[in-house]
Participant: 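Let me begin by handing over the structure; questions about it come next.
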There are 2 protein chains.
Amino acid sequence: MLLSKSCVYGLRASLYLASKRGNEFHSLKEISEELEISFHFLTKILQQLTAEGYLESYKGPNGGVRLSSNGQNATLFDLVIAIDGPGLFTQCALGLPGCGLQEPCPLHDHWVEARGKIENMLKRMTLNEIAEEGKEKHFRLTAEGEFSWQ
Amino acid sequence: MLLSKSCVYGLRASLYLASKRGNEFHSLKEISEELEISFHFLTKILQQLTAEGYLESYKGPNGGVRLSSNGQNATLFDLVIAIDGPGLFTQCALGLPGCGLQEPCPLHDHWVEARGKIENMLKRMTLNEIAEEGKEKHFRLTAEGEFSWQ
DNA sequence: CTTATTTAAGACTTATTTGTCTGAAAATAC
DNA sequence: GTATTTTCAGACAAATAAGTCTTAAATAAG
Ligand code: FES
Ligand code: FES
């Protein structure tokens, strides 16, 4: 798989937050139910994003998480790096060490191009911008698409 | 990671076989030592490729494996499908079910393009053709590149 | 102050991938 | 035949990823 499950859950939750007008806190319970992600697992992942400064959290009744201003202007690329690390964008497709530094493997030139495409895909818009686009195009964030951009 | 370790080991071993002139059998011991891959693990992976008809094996002294004619004309794409299955080329980047059949996720159009690039990269040449190219360009198949195309 | 609601932290379990080991079966050489 | 070399088959173990659970800390409301 291209991205780990943790990473995909983190991206979907961040897009969920971006989809909400205003900037209220949304509880992990709400997010995990809406997106059908295990509550405790999602908690761990979003704690990472909070530690990285992409989310802000607030404890207590009516608490939850929301995008920080950093988070609103973050790209999916930033979040992938925060959760999965940079390996996808730096490593050899054949797992050999020192991609780009040593002699290339047979896939090198083509893989550099393809992974550049992936990088661009993830870097092309901020969460806020994707949310704007989502409001027009009704992108899906859940299995059944029972989710509406506001 | 894009490809599983099993898959990468299978590709590297197949390229190793393609790099050899003639069509003798090469023992798993030789391959695993040259490519620095665990002998028993590699054995299991190449058994899969043998079962799929990409390799031929021969038991006993001076036995080993070699590319079948199918294998010589196979692309890396064929081998990836044989080992990792088709998921990489069909699944949603956000892990949602029914990519292409249901409403698209925010990454869909871009991911379809990027994974098309990956597919083309893996489909563009047969093992024999990559071996020919390797003899000119001295591609690397090992960590330190201490491997020579014949 | 007490209770309820929420995130934080981390131990724990389960599933999957990766890697190791043992013995059987096939082929060769003597 | 017997011994040796090899793949084949599958059990086993270790490492990693994914998921669950429990307790603590912070906040709010009565
Ligand atoms: S060396 Fe293999 S992709 Fe760069
Ligand atoms: S629906 Fe997500 S990539 Fe196609």
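Sequence lines set the chain letters: A, B, ... in the order given, protein chains first and strands last, and positions in each chain run from 1.
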Participant: Write down the distance between CZ (B/R66) and P (D/dT6), rounded to a whole number of angstrom.
Facilitator: 16 Å

Participant: Looking only at side-chain atoms of A/P61, point me to the closest of D/dT5, D/dC8, C/dT5.
Facilitator: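 In terms of side-chain proximity for A/P61, the closest of D/dT5, D/dC8, C/dT5 is C/dT5.
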
Participant: Strictly below 4.0 Å, N to O, side chains only: are B/E113 and B/K117 in salt-bridge contact?
Facilitator: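 Judged by the 4.0 Å cut-off on N to carboxylate O distance, B/E113 and B/K117 do not form a salt bridge.
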
Participant: Using whole Å, what does the distance between atom P of nucleotide C/dT7 and atom CZ of A/F41 come to?
Facilitator: 17 Å

Participant: Would you mind telling me which of C/dG19, C/dT7, D/dG19 lies closest to the side-chain atoms of B/Y9?
Facilitator: C/dG19

Participant: In sequence, state the C-alpha distance, the side-chain angles, and the governing distance for A/H110 and B/R124, and then conclude on side chain to side chain donor-acceptor pair (under 3.5 Å).
Facilitator: CA-CA 10 Å; A/H110 298 264; B/R124 112 200 128 88; 3.1 Å; yes

Participant: Please check if A/V112 and B/L11 belong to a single hydrophobic cluster, counting links between Ile, Leu, Val, Met, Phe, Trp and Tyr side chain heavy atoms closer than 4.5 Å.
Facilitator: no

Participant: Between D/dT7, D/dA18, C/dT18, which nucleotide has the shortest distance from any of its atoms to the side chain of B/F39?
Facilitator: D/dT7

Participant: In whole Å, what is the span from the CG atom of B/D84 to the C1' atom of C/dT17?
Facilitator: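 About 11 Å, once rounded to whole Å.
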
Participant: With hydrogens left out and only the distance checked, is there a donor-acceptor pair under 3.5 Å joining A/K44's side chain and the base of D/dG19?
Facilitator: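 Such a pair exists between side chain and base.
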
Participant: Side chain of A/Y58 only, heavy atoms from C-beta on: which candidate in D/dT20, C/dA27, D/dT27 is closest?
Facilitator: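 Side chain of A/Y58 sits closest to D/dT27.
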
Participant: Given D/dT20, D/dT6, D/dC8, identify the nucleotide with an atom nearest to the side chain of B/S27.
Facilitator: D/dT6

Participant: Under 4.0 Å, counting only non-hydrogen atoms across every strand here, what does A/L46 touch: a base, just sugar-phosphate, or nothing?
Facilitator: nothing

Participant: Measure the distance from CG on A/N62 to P on D/dG30 and round it to the nearest whole Å.
Facilitator: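 To the nearest whole Å, that distance equals 11 Å.
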
Participant: Please compare B/S57 and A/L42 by the position of their nearest nucleotide in DNA chain D and report the one closer to 5'.
Facilitator: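 That would be B/S57.
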
Participant: In whole angstroms, how far is the P atom of D/dT7 from the CG atom of B/L49?
Facilitator: 14 Å

Participant: Does a side-chain N or O of B/T50 approach OP1 or OP2 of D/dT7 to a distance below 4.0 Å, or not?
Facilitator: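 So the side chain of B/T50 is outside the cut-off, no N or O lying under 4.0 Å from OP1 or OP2 of D/dT7.
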
Participant: Just name whichever nucleotide pairs with D/dG30, Watson-Crick or G-U, keeping both distances under 3.5 Å, else none.
Facilitator: C/dC1

Participant: Round to the nearest Å and state the distance from A/L28 atom CG to D/dT27 atom C1'.
Facilitator: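 Atom CG in A/L28 sits about 16 Å away from atom C1' in D/dT27.
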
Participant: At under 4.0 Å, does any side-chain N or O of A/K5 touch on OP1 or OP2 of D/dG19?
Facilitator: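 The answer is yes; a side-chain N or O of A/K5 sits under 4.0 Å from OP1 or OP2.
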
Participant: Before accepting this row, confirm whether a basic side-chain N of the pair B/E103/A/K137 lies closer than 4.0 Å to the acidic partner's carboxylate O.
Facilitator: no

Participant: Between B/S4 and C/dT17, does any side-chain N or O lie under 4.0 Å from OP1 or OP2?
Facilitator: no

Participant: Atom CG of B/L88 and atom CZ of B/F77: how far apart are they, to the nearest 0.5 Å?
Facilitator: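 Those atoms lie 9.0 Å apart.
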
Participant: I want to verify a distance call: between D/dA25, D/dC21, C/dA27, whose nearest atom is closest to the A/K59 side chain?
Facilitator: D/dA25

Participant: B/I45 has an atom CD1; how far is it from atom C1' of D/dC8, in whole Å?
Facilitator: 15 Å

Participant: How close or far is atom C1' of D/dT7 from atom NE2 of B/H26, stated in whole angstroms?
Facilitator: 16 Å

Participant: How long is the span from the CG atom in B/L42 to the CD1 atom in B/I37, to the nearest 0.5 Å?
Facilitator: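 Here the interatomic distance stands at 5.0 Å.
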
